[in-house]
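Contents: one structure, followed by commentary.
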Amino acid sequence: MIAVFGLILLTGCGRADLSALRPQGPAAETSYGLMKLSITIMVIVLLIVFSIAAFVMIRFRRKPGQSEIPEQVEGSIKLEILWTVIPLILVVVLAVPTVKAVFAAGNDHWNDKNAIKVKVTGHQYWWEFEYPDYGITTAQDLVIPKGKDIAFELKTADVIHSFWVPSLSGKLDTNPAGTINRFSFSAPNEGVYRGKCAELCGPSHGLMEFKVKSVSEEAFQKWVDGMKKPAAVLLEDPALAKTFKDQCLKCHAVGDQGISVGPNLTGIGSREAIAGILINDDSGVEGASVEENLKTWLHDPKSVKPNNLMPSPKDLGLTDEEIDGIAHYLANYKLN
Amino acid sequence: MTTAHAEAANGTLPHEPEKATLEGRNKVLAFWLFLGGEAVLFGTLFATFLALRNQTNEGPTANELFHLPLVAAATFILLVSSLTSVFAIQAMHRNRPAVLRNWLLITVVLGLGFLGLEIYEFSEYIRHEEFGMTTSAFSSAFYTLVGFHGAHVAFGIVWIGILIAQLSRKGLNVITAPKIYVSAMYWHFIDVVWVFIFTVVYLLGKVG
Amino acid sequence: MAQAAPVLNHSKPLKHGHNVKRHTGLMDWITTVDHKKIAILYLWAGGLFFGIGGLEAILIRIQLIKPMNTFLNAQLFNELITMHGTTMIFLGVMPIIFALMNAVIPLQIGARDVAFPFLNALGFWTFLFGGLLLNLSWVMGGAPDAGWTAYAPLSTSTYSTTHGVDFYTIGLQIAGLGTLIGGINFLATIITMRAPGMSYMRMPMFAWTTFITSAIILFAFPAITVGLVLLTFDRILGANFFEVGAGGNPVLWQHIFWIFGHPEVYILILPAFGIISEIIPTFSRKRLFGYSSMVFATILIAFLGFMVWAHHMFTTGLGPVANALFSVSTMLIAVPTGIKIFNWLFTMWGGQVRFTTPNLFAAGFIPTFTMGGVTGVMLASAPADFQFHDTYFVVAHFHYVIVGGLVLGLFGGLHYWWPKMFGRMLSEKLGKWTFWTFILGFHMTFFVQHFLGLMGMQRRVFTYLPNQQFDLLNLISTIGAGLMGVGTIIFLTNVFLTSRKPVGALDDPWEDGRTLEWSIPSPPPEYNFKQTPLVRGIDALWKEKTAGNKGMTPAEPVGSIHMPSATALPFVMSVGIFIAGLGFMFSRDDFGNAFMSFIFNNYIVTAIGLLITFGSMVLRSVFDDHGWHIEPEELEEG
């Protein structure tokens, strides 16, 4: 046990952009505060139980030759009261802040003028983020201005998912129409945080990740403006441009073109990851370059995310060169 | 146990023949427990129905669908059948097998009448109102709740029918008495469930 | 021995009037209505499913041994987690609980059998056929893949297109029927079949927890039955309970599932509490400390267990009022549970504790279960649960409760009552090896999972990305799982080696037995008690021992003993339900064969199955089972 503890200490408490033990925002702080309180209480309880257990198991072992009958004690009302009242007090100590935090978490910022509204839609197996006040829609990367309350409305397009950014906030389910949820959180600091789907939603549930990008207010405004701009020239090669339009834009959108059945691709070149899990990292430490990742995805999407709904471009008749060309184009489709 | 058998053999029955043997007492007790479980079963179905009763998916609503006179007639028939099964048990306690059999027969006939009305009602909905299992969440909940009850009635009819046959063959004794007694308990239970269905499904459907 | 007489409708029993048909071999097991044999059937069947569920667990852990592993594909992984959970809970541990209840409860309350031997057999066979049906899914088009909770819409036919979830809904309905029958049977048995002098407050704790567990089964299982029926109707008949487009409501499924699901947790753990409460006093040579508060705590846990279900749904979005209420009600359960822990510890206080294998398991149970209990309280705090929910923290928590609590309890109980069930002592040496490997492996597997969850690893993921600091902890967890597997294999070896030893266990093989089962031979004769014992206090046998008596004082003279007849009807009825279920499940399939399609699509197979079942019920009703008698002379011979 001690060895196990040691190993855990060595690994620390997880990544700062992922772990619930390293909160990066007030909502996660609240949860973390309650965790610390409850862990403290519970460790005390465990110590008491373990000590008594160790004591009785050592002190009252049957000794060789011991044959007299121990006293048959019926019980003790005093002790029973003691171990009823003390746990009750501990429960109250935990229950009061819990109830307070529950009602605080229930605050709905949807009608708060200063909050940024985001409509989150879960899909098998990707996330759609719509900003109704700005008229823009994006996917996989949720860009937010730091310090601002972000008011979320969560729903699903298919099965139930759960929207979770551990370092910023606890999770909330995305339910179908009729049971839509709202909540809010904020990220005081700039940074990229990892988000996950936390409700079993099909084979690729474990790969349904996303990123939350907290940026300065100016950068956010710039990003919004970039998203609103009409898409530039699609592809320089007219034949490839036609293929892209005829095949890809039947489900995807870039700028003002195409439709949003699948993830919106506007500015995909500047996102943190492709398909939420192929992390874009030119240094090659955590992932590969955007273009490499796009190639990996486009050559065989099903092998990256089993059972996802995107048809393989090859099955649509695209050649390897065409796929690479589209990957190259998308990789360079950046917002700034 | 032996004394009870002796009395049966002599043609006299103990005061409450259903509880004269350990087996009989166990049967009555277990049947009460079973009805407790059944109450949870119907409770869950009622909760489901209440949750979904306004989800008509542009199909017929409860108010458009239900004709209270028909349902009231069915209710009346079932309530009377509960009464006749009380008479049956009274006859059993007075050790009058023939009277008992007649009351049981009347109960079965009334049950069949109820079931006939229900089948007629369902077929009307399906044929003339385009209201089937798949129409809406409301229709699914309606057919499941009322249908479950109907299936219970049908089971009860067959059960009591078989007991009537046994009564004629074996006579009234400490073996047959508990069976008849628990079947009457069952019959009262489905009657009570119907009262709730009448209120929650039909009356509330017409009013709310 | 093989002779007895029907006595009904005769004022005097006709001795040796007819031969009683006695079966041997396989037919004996199929037709038995003896609770002791049914216990063994439950044990083997539960053991089989426990083994299957364990293998599934090992496969899951191998897949998770490293990031981006390709040992299993995503679909198969989801089938494995679904079947692991479902199998372990419904087909693994519950039958083993029923095995111990059947083996012990009639003996502990001084009864010759349960109240309804026929129903007892029926309960077993319906459970078995339900379990077989569920596991048939592996070879008939794919296992269920929507998790053991089967949340809609993922479990609806739109998103789960194989028959997997149909096997789940129909298999569990059939198995659940068996459980419900068992629950009613034990309630009635404990209410009416107690020996003279055994008042409720003199019942052994295991009898009490069985009683309360059975009551929970009675009120919880009908709810899941309804849920499963609704899901079946949605999938097979096109109903709309969970179809959002037609007005259905998927959150309704969650409520129905957890209204059953949370009490189910107490159905699992209360019997373990009972087992521990038997083992600890025996091996401390002291009576259970605070017996009446233990009884009270058990009842309170069962009561509270029905009003906390929504704590599984804090992240569903029920609103702050519901979340606050369910947080507080859940935390309250800590109080009666704490009472139990301290009473066990104080039972040992001042005693003479002997660490036999059963008591090792009991001693290991206390700290391990406490750890599961405290994380339960942590989970009860809704705002913290927003982080814990659906992560490995929850996986760790419920395995601490179910494996660290229930499975340790079951291992303890099996080692404890094995001599009573089989007449042979399990090897103490191998038993201790089982304990140490299993409990070490257990803590290795699940302790680290708390941290995985807190560090951001959600549950039910078939793989995970590298560079998340999950790798080492997952590796430790997998090695631990292997160790638990080794422990289980040692146990099976122990069982095998023991079965080759001659029957020779004493009536009271642990020497300090306190309750009635230790007053009769191991294994007991088929009538259990030659004379019904007179109970003069709590721990009836212990009381006689300390009074200097050699055994129990009989409450009746030696007389002829009425026994129920063996019958194959329960088996046949269960086969009927099995056929009906299978028929209904495939009623919408096109078999590419006119005859097959005809009999399935017109519900003919279903009708045949139901006919077999209901026909058997009619037979049972029409032909009375008069049973048979064992006469005093035969008792003397035996």
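In what follows, chains are A, B, ... by sequence order, proteins preceding strands, each numbered from 1.
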Original post:
Side chain, backbone, both or neither: which part of C:Leu218 has an atom under 4.5 Å from a heavy atom of chain B?
Top reply: both
Subject >> Listed partners of C:Leu237 passing side-chain contact (heavy atoms from CB on, under 4.5 Å), at least two apart >> reply: B:Met133, C:Phe233, C:Phe584, C:Arg588, C:Tyr603
**OP:** Any chance you could lay out the side-chain contact (heavy atoms from CB on, under 4.5 Å) test for C:Asp624 and B:Lys179, step after step, and finish with the verdict?
**Re:** CA-CA 11 Å; C:Asp624 292 315; B:Lys179 294 182 184 181; 3.0 Å; yes
**OP:** Please test B:Phe148 against C:Val229 for side-chain contact (heavy atoms from CB on, under 4.5 Å), starting from the C-alpha separation and ending with a verdict.
**Re:** CA-CA 11 Å; B:Phe148 245 75; C:Val229 165; 3.9 Å; yes
Original post:
Are B:Asn57 and C:Glu243 close enough that some pair of their side-chain heavy atoms sits under 4.5 Å apart?
Top reply: no
Subject >> Greatest number of heavy atom pairs closer than 4.5 Å to chain B - which of C:Asn249, C:Ile224, C:Ile259, C:Leu187 >> reply: C:Leu187
Original post:
Does OH belonging to C:Tyr200 count more than 12 external heavy atoms closer than 6.0 Å?
Top reply: yes
**OP:** Please look at B:Thr135 and chain C and tell me whether the side chain, the backbone, both or neither of the residue comes under 4.5 angstrom of a heavy atom of that chain.
**Re:** backbone
Subject >> Positions in residues 155-169 of chain B that reach chain C, provided some heavy atom is under 4.5 Å away >> reply: B:Phe155, B:Ile162, B:Leu163, B:Gln166, B:Arg169
Original post:
Who among B:Lys27, B:Glu58, B:Gln55 has the most heavy-atom pairs with chain C under 4.5 Å?
Top reply: B:Gln55
**OP:** Measure distances from C:Phe614 to the heavy atoms of chain B and classify the residue's part below 4.5 Å as side chain, backbone, both or neither.
**Re:** side chain
Original post:
Tell me, side chain or backbone of C:Leu252 under 4.5 Å from chain B's heavy atoms, or both, or neither?
Top reply: side chain
Original post:
Excluding sequence neighbours, so at least two apart, what forms side-chain contact (heavy atoms from CB on, under 4.5 Å) with B:Ser140?
Top reply: C:Ala239, C:Asn240, C:Phe241
Original post:
Which value, rounded to the nearest 0.5 Å, describes the distance between C:Asp234 atom CG and B:Thr144 atom OG1?
Top reply: 8.5 Å
Subject >> From B:Trp32 atom CH2 to C:Ile184 atom CD1, the distance as rounded to the nearest 0.5 Å >> reply: 14.0 Å
Original post:
Checking heavy atoms, do the side chain of B:Leu45, its backbone, both or neither come under 4.5 Å from chain C?
Top reply: both
Original post:
Picking from B:Gly43, B:Gly59, B:Ala30, B:Ala39, which has the most non-hydrogen pairs under 4.5 angstrom with chain C?
Top reply: B:Ala30
Original post:
Just how far is it from atom CZ of C:Phe186 to atom CG of B:Leu33, taken to the nearest 0.5 Å?
Top reply: 14.0 Å
Original post:
So which of C:Ile191, C:Thr192, C:Thr189 actually passes side chain to side chain contact (heavy atoms under 4.5 Å, CB included) with B:Asn26?
Top reply: C:Thr192
Original post:
Side chain, backbone, both or neither: which part of C:Ile181 has a non-hydrogen atom closer than 4.5 Å to chain B?
Top reply: neither
Subject >> Residues from residues 109-120 of chain C approaching chain B under 4.5 Å (heavy atoms) >> reply: C:Ala115, C:Phe116
